Amino acid sequence: HGYAVKNVGSFGSSEAKLVVDSDEKASSLKLEKGEYYILSCPLIYENEKAASELSFLVYQKLSSLMKDVKGKKTLIVGLGNPDIWADCLGKAVVDEVYIDPLDSGNKTFKFCPNIYFSTGINTFDMIAILVSGLEIECVIVIDSLATNCLARLGKSVQLSSAGMTPGSAVNSLGKRISHDSIGCPCFSIGVPFMIFGEDGESLLAPKDVHENVLAMARVIGDSLNMLL
């Protein structure tokens, strides 16, 4: 896809960057316009310092992506199926994010819509209702992803300013959550916890997925707590 890769930090971590800034590029890459980053940390589960470093790298990247909406009313949405470990990163991160709802100045809200098959309500519609009703100025969506690359499985955080389509790894039922569709800036955070099988259709998860999801949720939760 033309990502520019550079090494960052001291634990073999890397940052891959892709800017899709034209309709032609968007069309050829089949991506929405925006900035895309992949922060990879191969030692994330072996070294606590590596995890702390990744958390800070995610915080720095989000800070720069979201510089125009800092301090605005923000809705954090944990997508996915909370009953399946490989697909519950969204809920796990939301649980790690600290908010003070009793503070009259609170500007951070969090929400887990569950999946369409459990609620009968399209995730997009729920988010749109909350954005409108609460006058939200910025949305951050978090979800488990699928990948073709074993090295990135559970060890990389993908960030984007282009929003996200819920459930896009398994079906195309979801409507894209983006600035154009929701009416405010939408940022996405995802970690691949599923990998496509050799048949290209089945999705497999790592055997330690339970511990991995919780560890990565702490990393991302810490980043968001620093940010917000």
Side-chain angles (χ1 to χ4, degrees), residues 1 3-20 31-32 34-67 74 76-80 85-97 110 138-166 168-169 177 186-195 205-206 208-228:
H1 274 358
Y3 276 89
V5 182
K6 67 178 181 182
N7 291 324
V8 288
S10 43
F11 295 96
S13 301
S14 64
E15 174 196 298
K17 176 183 181 180
L18 175 67
V19 179
V20 180
L31 290 170
E32 303 291 320
E35 291 180 57
Y36 295 81
Y37 294 91
I38 300 173
L39 297 170
S40 298
C41 181
L43 299 177
I44 170 76
Y45 304 116
E46 281 131 62
N47 189 312
E48 275 184 34
K49 287 182 179 168
S52 301
E53 181 177 273
L54 180 61
S55 196
F56 189 67
L57 291 170
V58 172
Y59 159 71
Q60 283 183 312
K61 199 49 64 187
L62 283 172
S63 290
S64 85
L65 273 177
M66 297 174 59
K67 59 184 182 296
T74 301
I76 299 173
V77 183
L79 299 178
W85 273 111
D87 195 27
C88 75
L89 177 73
K91 165 134 190 355
V93 170
V94 164
D95 288 345
E96 293 284 340
V97 173
K110 48 186 201 174
C138 164
V139 173
I140 302 172
V141 288
I142 302 148
D143 202 2
S144 300
L145 306 173
T147 182
N148 294 316
C149 174
L150 191 59
R152 290 208 351 244
L153 190 66
K155 295 180 179 178
S156 61
V157 181
Q158 297 180 213
L159 308 167
S160 165
S161 62
M164 184 184 278
T165 304
S168 55
I177 299 156
C186 292
F187 303 90
S188 65
I189 306 173
V191 177
F193 279 111
M194 296 166 275
I195 193 159
D208 303 327
V209 66
H210 175 181
E211 293 89 350
N212 294 3
V213 166
L214 293 178
M216 204 47 116
R218 277 191 294 276
V219 164
I220 297 169
D222 287 349
S223 310
L224 289 168
N225 287 328
M226 280 189 264
L227 184 76
L228 303 167

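Note that this is a predicted model, so its numbers are computed, not measured.
Considering every non-hydrogen atom in both Cys41 and Leu54, the closest pair reads CB-CD2, 4.0 Å. Scanning all heavy atoms of the two residues, the minimum distance from Cys88 to Val213 falls at SG-CG1, 4.0 Å. Taking all atoms of both residues into account, the shortest heavy-atom contact from Leu65 to Ser161 is CD2-CB, 4.0 Å. Taking each heavy atom of Met216 and Ser156 in turn, the nearest pair found is CE-N, 4.0 Å. Taking both residues in full, the closest heavy atoms of Phe193 and Ala86 are given as CB-O, 3.6 Å, listed atom of the first, atom of the second, then distance. Across Ile195 and Cys149, no two heavy atoms sit closer than the pair CD1-C, 3.9 Å.
Side chain of Asn225 to main chain of Glu96: a donor-acceptor pair is present (N/O by atom type, distance under 3.5 Å, no hydrogens or angles). Within the 3.5 Å criterion, the main-chain N or O of Ala50 finds a donor-acceptor partner in the side chain of Asn47. No donor-acceptor pair closer than 3.5 Å links the side chain of Tyr3 to the backbone N or O of Ile38. Between the side chain of Ser223 and the main chain of Ser55, a donor-acceptor pair closer than 3.5 Å is present.
At least one side-chain heavy atom of Ser13 sits less than 4.5 Å from a side-chain heavy atom of Glu53. No side-chain heavy atom of Lys6 sits less than 4.5 Å from a side-chain heavy atom of Lys17. Using a 4.5 Å heavy-atom cutoff, the side chains of Val141 and Cys186 are not in contact. Residues Ser63 and Met226 have side chains not in contact (no heavy-atom distance under 4.5 Å, counting atoms from C-beta outward). For the pair Trp85/Leu214, a side-chain contact is recorded, criterion being any heavy-atom separation below 4.5 Å from C-beta on. Inter-residue side-chain proximity for Val219 and Val191 is flagged as unmet; no heavy-atom pair is nearer than 4.5 Å.
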### Task
For Thr147 and Leu145, run side-chain contact (heavy atoms from CB on, under 4.5 Å): C-alpha distance rounded to whole Å, both residues' side-chain angles, the deciding distance at 0.1 Å, then the answer.
CA-CA 7 Å; Thr147 182; Leu145 306 173; over 6 Å; no
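Atom CD1 of residue Ile189 and atom NZ of residue Lys61 lie 13.5 Å apart, to the nearest 0.5 angstrom. Note that CD of Glu15 is 8.0 Å distant from CG of Leu57, once rounded to the nearest 0.5 Å. Distance check, rounded to the nearest 0.5 Å: CE of Met66 to CD1 of Ile140 gives 3.5 Å. Atom CG of residue Leu89 and atom CG of residue Asn212 lie 11.0 Å apart, to the nearest 0.5 angstrom. Between Ile177 atom CD1 and Asp143 atom CG the span is 8.5 Å, to the nearest 0.5 Å. How far CD1 of Ile76 is from CG of Leu228: 5.0 Å, rounded to the nearest 0.5 Å.
The side-chain hydrogen bond (donor to acceptor under 3.5 Å, both in side chains) test applied to Glu35 returns Tyr37, not counting sequence neighbours.
Listed by first and then second residue, the salt bridge (charged side-chain N to carboxylate O under 4.0 Å, His left out) pairs involving residues 85-95 are Lys91-Asp95 (not counting sequence neighbours).
Within a 6.0 Å sphere centred on CD of Glu46, heavy atoms belonging to other residues, nucleotides or ligands number more than 12.
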